[in-house]
Amino acid sequence: MKLTPTISGLFLAALFAACQSSEKSEKSMADFRLITLDPGHFHAALVQKTMYEGVDSTVHVYAPDAPDLQLHLDKIEGYNTRAENPTHWKEDVYKGADFLDKMLADKQGNVVVMAGNNRLKTDYIQKTIGAGFNVLADKPMVISAANFDKLKESFATAEKNKVLLYDIMTERYEISTMLQRAFSRQPEVFGTLEKGTPDKPAVTKESVHHFYKNVSGSILTRPAWFMDVAQQGEGIVDVTTHLVDLVQWECFPEQVIDYQKDISLTSARRWTTDMSLSQFKAITKQNAFPDYLKKDVIKDSILRVYSNGEINYQLRGVHAKVSVTWAYKAPEGAGDTHYSIMRGTKANLIIRQGAEQNYKPTLYIEPIAGTKDTDAALKAALPKIQQEFPGVDVKKIASGWEVIIPDKYKEGHEAHFGRVAQKYIDYLKAGKMPAWEVPNMIAKYYTTTQALELAKKK
């Protein structure tokens with residue numbers, strides 16, 4: 001049957017109207033509409049590695065017309081076109097020097113994702129929260145003590161404007177860390193947390209990272225500014241954010257930390273990772289050091305990056321040490337690694353991730369000398385652990401017990417961004433966060449920024 005032009009035209013008009021109606025229906029069903037602001041770090045893309053119920057599939061991107069933007073869009077396209085479980089994001093991009101003002105004026109969404117150059121991030125947060133947007137920000141939210149009060153004010157403004165400001169703490173979703181926390185809450189096994197000393201802290205967390213790394217199946221191209229601590233932040237205020245967060249989250253779970261009363265810095269130090277020009281080229285695809293890095297270049301060819309830091313401090317009288325080290329490239333078969341110990345009166349809970357563990361984080365329970373009946377205590381505690389983590393078990397070894405973690409929990413760092421985003425969406429739906437989240441974010445950034453001040457005095 002051949003349609004007449006009139007009927008054909010009516011049919012197309014109806015089809016077009018139906019499509020428009022479908023789009024409007026999708027938008028009306030979506031409670032949350034994402035905006036990505038100046039994406040300069042691959043973490044911005046990882047937030048979109050999965051889709052979320054109640055989140056519009058169209059994401060509005062505001063950024064300067066620069067290589068960082070294209071790298072971001074390429075990663076999103078990779079997720080959209082992958083063979084297994086592809087996403088279906090639609091990126092609506094605005095390019096221009098006035099990207100921030102344009103975003104604030106357009107109001108195309110209600111949740112702004114920030115992951116990029118940290119030099120202006122605290123200002124971006126302040127202006128965006130002030131304009132009534134919710135903000136999900138990659139760490140760190142602040143990289144200097146001078147801007148700490150600005151961040152604190154942004155949290156107060158968020159409360160006044162009834163919006164939520166939250167940072168991306170992926171390490172809370174690493175299974176060995178979750179289990180370390182869970183076992184520390186079993187007094188029959190762990191006892192109580194030691195107070196420790198500066199030389200033997202009750203809690204130690206160390207992480208090793210790499211400039212040259214594989215992300216989503218390809219070698220990561222890093223922006224040159226990532227090596228500029230004036231823009232990225234020093235290691236002591238960057239990656240240590242995760243470690244300080246975990247100390248608070250594990251030692252005093254769901255408790256409010258008062259940064260003015262509960263934190264006392266003991267010592268802090270910082271040191272450089274040195275990178276040759278050829279190594280710099282390999283990760284940035286740039287043939288020369290940009291002018292803003294010249295201040296950190298020695299002998300015309302060696303870039304010195306203050307990417308390493310260590311903080312010794314007390315949290316409610318408990319001695320803790322966190323440290324971050326950046327190497328250029330990991331050994332074959334390895335990636336970023338983590339070491340952690342929580343010292344209890346009955347047992348130590350230790351995460352190791354070295355060659356012996358095939359570079360996979362592994363949790364051990366090691367009884368304190370003289371402790372009796374740990375076997376019976378574990379048998380009593382394990383069912384409680386298994387209620388939350390079905391399938392988790394323990395295996396007797398020479399030094400104590402190894403915690404056996406089923407593969408279903410070992411989802412990898414990239415998947416944790418989806419976990420954080422989903423938690424944040426749940427908070428948005430509830431219209432609030434737990435009472436401890438905001439004061440503990442403030443306490444965390446007080447610790448890191450004050451530690452940098454202390455380290456610079458040496």
Side-chain angles (χ1 to χ4, degrees), residues 30-32 34 36 39 41-57 59 75-76 78-79 82 84-89 111-115 134-141 164-182 185 205 207 209 213 215-217 239 241-250 253-254 335-336 338 340 351 353 360-361 363 385 387-392 403 405-430 432-434 436-438 440-441 444:
D31 298 315
F32 308 109
L34 298 182
T36 306
H41 195 291
F42 69 97
H43 289 177
L46 287 176
V47 169
Q48 292 177 240
K49 198 174 180 183
T50 186
M51 306 296 295
Y52 308 96
E53 186 178 342
V55 176
D56 198 313
S57 59
V59 179
K75 285 187 177 64
I76 303 298
Y79 302 147
R82 67 193 176 201
E84 189 177 338
N85 195 24
T87 52
H88 51 274
W89 299 107
V111 177
V112 179
V113 176
M114 297 183 192
N134 298 284
V135 172
L136 177 63
D138 192 31
K139 60 83 198 148
M141 286 184 175
L164 302 185
L165 171 57
Y166 194 57
D167 61 357
I168 300 176
M169 290 289 102
T170 50
E171 297 309 304
R172 294 185 191 177
Y173 297 87
E174 204 290 309
I175 185 61
S176 62
T177 299
M178 295 170 80
L179 287 168
Q180 186 183 46
R181 181 182 192 249
R185 301 179 83 173
K205 291 190 174 291
S207 65
H209 294 257
K213 72 189 300 183
V215 173
S216 300
V239 177
T241 308
H242 281 303
L243 307 183
V244 173
D245 181 76
L246 291 180
V247 171
Q248 296 176 172
W249 184 72
E250 291 189 71
E254 294 161 24
D336 294 349
H338 180 67
S340 172
I351 298 170
Q353 194 178 352
K360 307 293 183 189
L363 176 62
I385 299 290
Q387 280 182 358
E388 188 176 356
F389 304 99
V392 166
V403 178
I405 304 172
D407 286 343
K408 66 181 178 180
Y409 294 116
K410 300 174 183 178
E411 56 186 14
H413 178 61
E414 292 184 24
H416 298 159
F417 287 84
R419 298 282 185 188
V420 175
Q422 186 59 60
K423 174 65 75 175
Y424 180 60
I425 291 164
D426 292 343
Y427 288 162
L428 289 170
K429 287 176 179 175
K432 63 180 181 179
M433 295 188 284
W436 53 271
E437 281 281 23
V438 168
N440 291 15
M441 279 188 273
K444 171 174 60 189

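Quick note: numbers below take in every heavy atom, side chains included, and nothing from hydrogens, waters or symmetry partners. The structure displayed is predicted, hence computed values, not measured ones.
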Query raised in the report: Between atom CG of L136 and atom CG of L428, what is the distance when rounded to the nearest 0.5 Å?
Result: 8.5 Å
Report task. Considering non-hydrogen atoms only, spot the tightest contact between A44 and P39 and give its length. Result -> CB-CB, 3.8 Å
Report task. Decide side-chain contact (heavy atoms from CB on, under 4.5 Å) for K423 and Y173; before the verdict, give the C-alpha distance in whole Å, the side-chain angles of both, and the deciding distance to 0.1 Å. Result -> CA-CA 11 Å; K423 174 65 75 175; Y173 297 87; 3.4 Å; yes
Report task. Quick one: list whatever passes salt bridge (charged side-chain N to carboxylate O under 4.0 Å, His left out) with K429, sequence neighbours left out. Result -> none
Report task. Spell out, as yes or no, whether a donor-acceptor pair under 3.5 Å connects the side chain of E171 to the backbone of L246. Result -> no
Requested in this report: Report the C-alpha distance between K205 and E250 in whole Å, list the side-chain angles of each, state the deciding distance to 0.1 Å, and finish with yes or no for salt bridge (Lys or Arg N to Asp or Glu O under 4.0 Å).
Outcome: CA-CA 11 Å; K205 291 190 174 291; E250 291 189 71; 2.6 Å; yes
Query raised in the report: Are I175 and F389 close enough that some pair of their side-chain heavy atoms sits under 4.5 Å apart?
Result: yes
Query raised in the report: So, the side chain of Q353 versus the backbone of D336: is there a donor-acceptor pair under 3.5 Å, distance only?
Result: yes
Query - For K432, side chain to side chain contact (heavy atoms under 4.5 Å, CB included) partners two or more places apart - result: none
Query raised in the report: Looking at residues at least two apart in the chain, or sitting in another chain, which of them share a side-chain hydrogen bond (donor to acceptor under 3.5 Å, both in side chains) with Q422?
Result: D426
Report summary line: For T87, the side chain to side chain contact (heavy atoms under 4.5 Å, CB included) test, sequence neighbours excluded, returns M51, Y79, N80, R82, W89
Query - Nearest atoms (heavy-atom pairs only) where Y52 meets V47 - result: OH-O, 2.5 Å
Query raised in the report: Which residues satisfy the side-chain hydrogen bond (donor to acceptor under 3.5 Å, both in side chains) test with K410, sequence neighbours excluded?
Result: none
Query raised in the report: Under a 4.5 Å cut-off applied to non-hydrogen side-chain atoms, are S207 and H242 in contact?
Result: no
**Report entry** Partner residues of E411 under the salt bridge (charged side-chain N to carboxylate O under 4.0 Å, His left out) criterion, sequence neighbours left out
**Finding:** R419
Query raised in the report: Looking at NE2 of H416 and CZ of R172, how far apart are the two atoms once the value is rounded to the nearest 0.5 Å?
Result: 13.5 Å
Requested in this report: Indicate yes or no: at least one non-hydrogen side-chain atom of M441 is less than 4.5 angstrom from one of L165.
Outcome: no
Query raised in the report: Do you know the tightest heavy-atom contact between V403 and L179?
Result: CG1-CD1, 4.1 Å
Query raised in the report: Can you name the residues that form a side-chain hydrogen bond (donor to acceptor under 3.5 Å, both in side chains) with T177, not counting sequence neighbours?
Result: none
**Report entry** By side-chain hydrogen bond (donor to acceptor under 3.5 Å, both in side chains) - contacts of D167 (at least two apart)
**Finding:** K444, Y445
Query - Nearest-0.5 Å distance that lies between atom CD1 in I168 and atom CG in D245 - result: 12.5 Å
Query raised in the report: Listed by chain and number, what are the ring-ring contact (aromatic ring centres under 6.0 Å, His included) partners of F417, not counting sequence neighbours?
Result: H43, H413
Report task. Please list, chain by chain and in numerical order, all residues satisfying ring-ring contact (aromatic ring centres under 6.0 Å, His included) with Y166, sequence neighbours excluded. Result -> Y424, Y427
Requested in this report: Hey, could you give me the CD/CG distance between Q180 and L363, rounded to the nearest 0.5 Å?
Outcome: 6.0 Å
Report summary line: Sorted by chain and residue number, the salt bridge (charged side-chain N to carboxylate O under 4.0 Å, His left out) partners of E254 (sequence neighbours excluded) come out as R181
Query raised in the report: salt bridge (charged side-chain N to carboxylate O under 4.0 Å, His left out) with K75: which residues, sequence neighbours excluded?
Result: none
Report task. Answer yes or no: are there more than 12 heavy-atom neighbours, outside K213 itself, under 6.0 Å from its atom NZ? Result -> yes
Query raised in the report: From L164 CG over to I425 CD1, what is the distance, rounded to the nearest 0.5 angstrom?
Result: 12.0 Å
Query raised in the report: Which atom names give the shortest non-hydrogen contact between H338 and L243, and what distance separates them?
Result: CE1-CD2, 3.9 Å
Query raised in the report: What heavy-atom pair brings G418 and T50 nearest, and what distance separates the two atoms?
Result: CA-CG2, 4.1 Å
Requested in this report: Decide yes or no for M169 and T241: does some side-chain heavy atom of the first lie under 4.5 Å from some side-chain heavy atom of the second?
Outcome: yes
Report task. Give the minimum heavy-atom separation between S176 and P361, together with the two atoms involved. Result -> OG-CB, 3.5 Å
